[in-house]
Amino acid sequence: DSALPTVMHRVKMFSLDNTYNLDDLRAWYGRVVKGLNGQEPQLVAELKIDGLSCALTYDKGELIQGATRGDGASGEDVTPNARTIRCIPLTLKGNSPDLLDLRGEVYMDKVNFALLNQQRKAEGQELFANPRNAAAGSLKLLDSRITAQRHLKFIAHSFGVLEGANTIATHWDFLNQLKTWGIPVNEHSRLCRNLED
């Protein structure tokens, strides 16, 4: 069991579904179109970053909490560690919302993963199996000074709660709004007019 405090999520955090073939994607798209009474929606496509799900809560533009997904209803409070991730703004830029419960992925890039394992090998410590395990282990450390040395990164992909912001009509608009607040999003993403795109 973790020594980190437990926090309840305002809105349940679900895991992201995935597929490794186009037939599954076409079947999913068919269900979406059917649910929209035949209307074909635009889609946002982005590369999957394999890390650890993280919720960041901003109250009137100030970062007040960072939490892991945990079981979806509650997660571990990793606020001190989230504050050490340089790309996560402690204060949002511009006209920030009253409340933003942001969802995203904490990850470690391959360069920093290789450097960390090189250092661990030199110190006779057990190596991390992959960057995802390294990121997960680093975000859940009890000493945020060590987390700060791990060079973690974060990208946002969705939200649980968004209150007091101008109306955001589409997911693409939401991602662009995040950029204006200073929140990093996946640079490898694009707006697609349809499934073929």
Side-chain angles (χ1 to χ4, degrees), residues 1-18 47-93 96-163 178 181-186:
D1 261 352
S2 172
L4 295 168
T6 298
V7 293
M8 299 300 294
H9 296 300
R10 284 176 173 80
V11 173
K12 186 171 181 174
M13 276 185 85
F14 293 95
S15 61
L16 298 178
D17 207 352
N18 60 24
L47 292 181
K48 169 87 167 74
I49 304 295
D50 195 20
L52 177 72
S53 293
C54 184
L56 301 176
T57 304
Y58 288 88
D59 185 0
K60 295 184 176 42
E62 299 294 322
L63 178 65
I64 61 166
Q65 188 176 78
T68 64
R69 183 175 69 229
D71 66 5
S74 65
E76 295 167 304
D77 187 338
V78 292
T79 307
N81 294 344
R83 288 178 173 279
T84 72
I85 301 174
R86 290 190 177 152
C87 65
I88 293 177
L90 302 180
T91 304
L92 299 181
K93 294 178 188 171
S96 58
D98 294 337
L99 182 66
L100 173 61
D101 176 22
L102 188 64
R103 274 71 193 283
E105 203 83 0
V106 170
Y107 68 99
M108 183 179 289
D109 65 29
K110 290 179 180 175
V111 171
N112 284 302
F113 171 69
L115 289 171
L116 176 61
N117 265 350
Q118 195 175 20
Q119 177 187 351
R120 290 176 72 85
K121 186 175 182 180
E123 294 171 357
Q125 296 182 40
E126 188 178 342
L127 303 186
F128 284 109
N130 55 56
R132 189 202 176 281
N133 289 4
S138 300
L139 187 64
K140 295 179 181 184
L141 288 168
L142 297 178
D143 187 345
S144 59
R145 292 169 300 184
I146 300 173
T147 303
Q149 297 167 6
R150 299 281 175 90
H151 302 288
L152 296 175
K153 297 187 174 168
F154 174 84
I155 53 164
H157 56 62
S158 57
F159 65 89
V161 177
L162 177 57
E163 295 174 359
L178 290 179
W181 290 331
I183 296 170
V185 297
N186 194 329

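All residue numbers refer to positions in the sequence shown, counting from 1.
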> What is the minimum heavy-atom distance between Pro89 and Gly182, and which atoms define it?
Replying inline: CG-O, 3.5 Å
> Tell me the ring-ring contact (aromatic ring centres under 6.0 Å, His included) pairs involving residues 139-162, sequence neighbours left out?
Replying inline: Phe159-Phe174
>> Contact between Arg150 and Thr84 at the side-chain level, heavy atoms closer than 4.5 Å - yes or no?
In response: no
>> Once rounded to the nearest 0.5 Å, what's the spacing between atom CG of Leu4 and atom CG of Asp77?
In response: 7.5 Å
> Can you tell me how far CD1 of Ile49 sits from CG of Leu16, rounded to the nearest 0.5 angstrom?
Replying inline: 12.0 Å
>> Let's go through Arg10 and Thr57 carefully: what are the C-alpha distance in whole Å and the side-chain angles of both, what is the deciding distance for side chain to side chain contact (heavy atoms under 4.5 Å, CB included) to 0.1 Å, and is it a yes or a no?
In response: CA-CA 10 Å; Arg10 284 176 173 80; Thr57 304; 3.4 Å; yes
> Atom CG in Leu139, atom OG1 in Thr147: separation rounded to 0.5 Å?
Replying inline: 7.0 Å
> What heavy-atom pair brings Arg132 and Gly51 nearest, and what distance separates the two atoms?
Replying inline: NE-O, 3.1 Å
> Between the side chain of Arg103 and the main-chain N/O of Ser158, is any donor-acceptor distance below 3.5 Å?
Replying inline: no
> Where is the tightest heavy-atom contact between Pro80 and Ser144, given as atom of each residue plus distance?
Replying inline: O-CB, 3.8 Å
> Which heavy atom of Ala156 sits nearest a heavy atom of Leu178, and at what distance?
Replying inline: CB-CD1, 3.7 Å
>> I want to check something: taking the side chain as every heavy atom from C-beta on, are Asn186 and Ile155 in contact at a cut-off of under 4.5 Å?
In response: yes
> Nearest 0.5 Å, what's the NZ-CG distance between Lys121 and Leu116?
Replying inline: 13.5 Å
> Near Glu123 CD, under 6.0 Å, is it more than 12 heavy atoms from other residues, nucleotides or ligands?
Replying inline: yes
Without placing hydrogens or testing angles, list every side-chain donor-acceptor pair under 3.5 Å for residues 61-71, not counting sequence neighbours.
unit_1, atom_1, unit_2, atom_2, d
Glu62, OE1, Thr91, OG1, 3.1
Glu62, OE2, Thr91, OG1, 3.3
Thr68, OG1, Glu76, N, 2.9
Arg69, NH1, Ser53, OG, 2.9
Asp71, OD1, Ala73, N, 2.9
Asp71, OD1, Ser74, N, 2.8

>> Quick check: do Lys153 and Glu105 have side-chain heavy atoms less than 4.5 Å from each other?
In response: no
>> For Tyr58, run the side-chain contact (heavy atoms from CB on, under 4.5 Å) check against Asp101, Leu99, Leu100 and tell me which one passes.
In response: Leu100
>> Taking the basic N atoms (NZ, or NE/NH1/NH2) and the acidic carboxylate oxygens, is any pair closer than 4.0 Å for Lys60 and Asp98?
In response: no
> Can you tell me how far the OG atom of Ser138 sits from the OH atom of Tyr107, to the nearest 0.5 Å?
Replying inline: 14.0 Å
>> Applying side chain to side chain contact (heavy atoms under 4.5 Å, CB included) to Arg83 and Ile88, what does each step give before you reach the verdict?
In response: CA-CA 7 Å; Arg83 288 178 173 279; Ile88 293 177; over 6 Å; no
> With side chains defined as the heavy atoms from C-beta onward, is the minimum distance between Lys48 and Asp50 less than 4.5 Å?
Replying inline: yes
> How long is the span from the CZ atom in Arg120 to the CG atom in Leu127, to the nearest 0.5 Å?
Replying inline: 7.5 Å
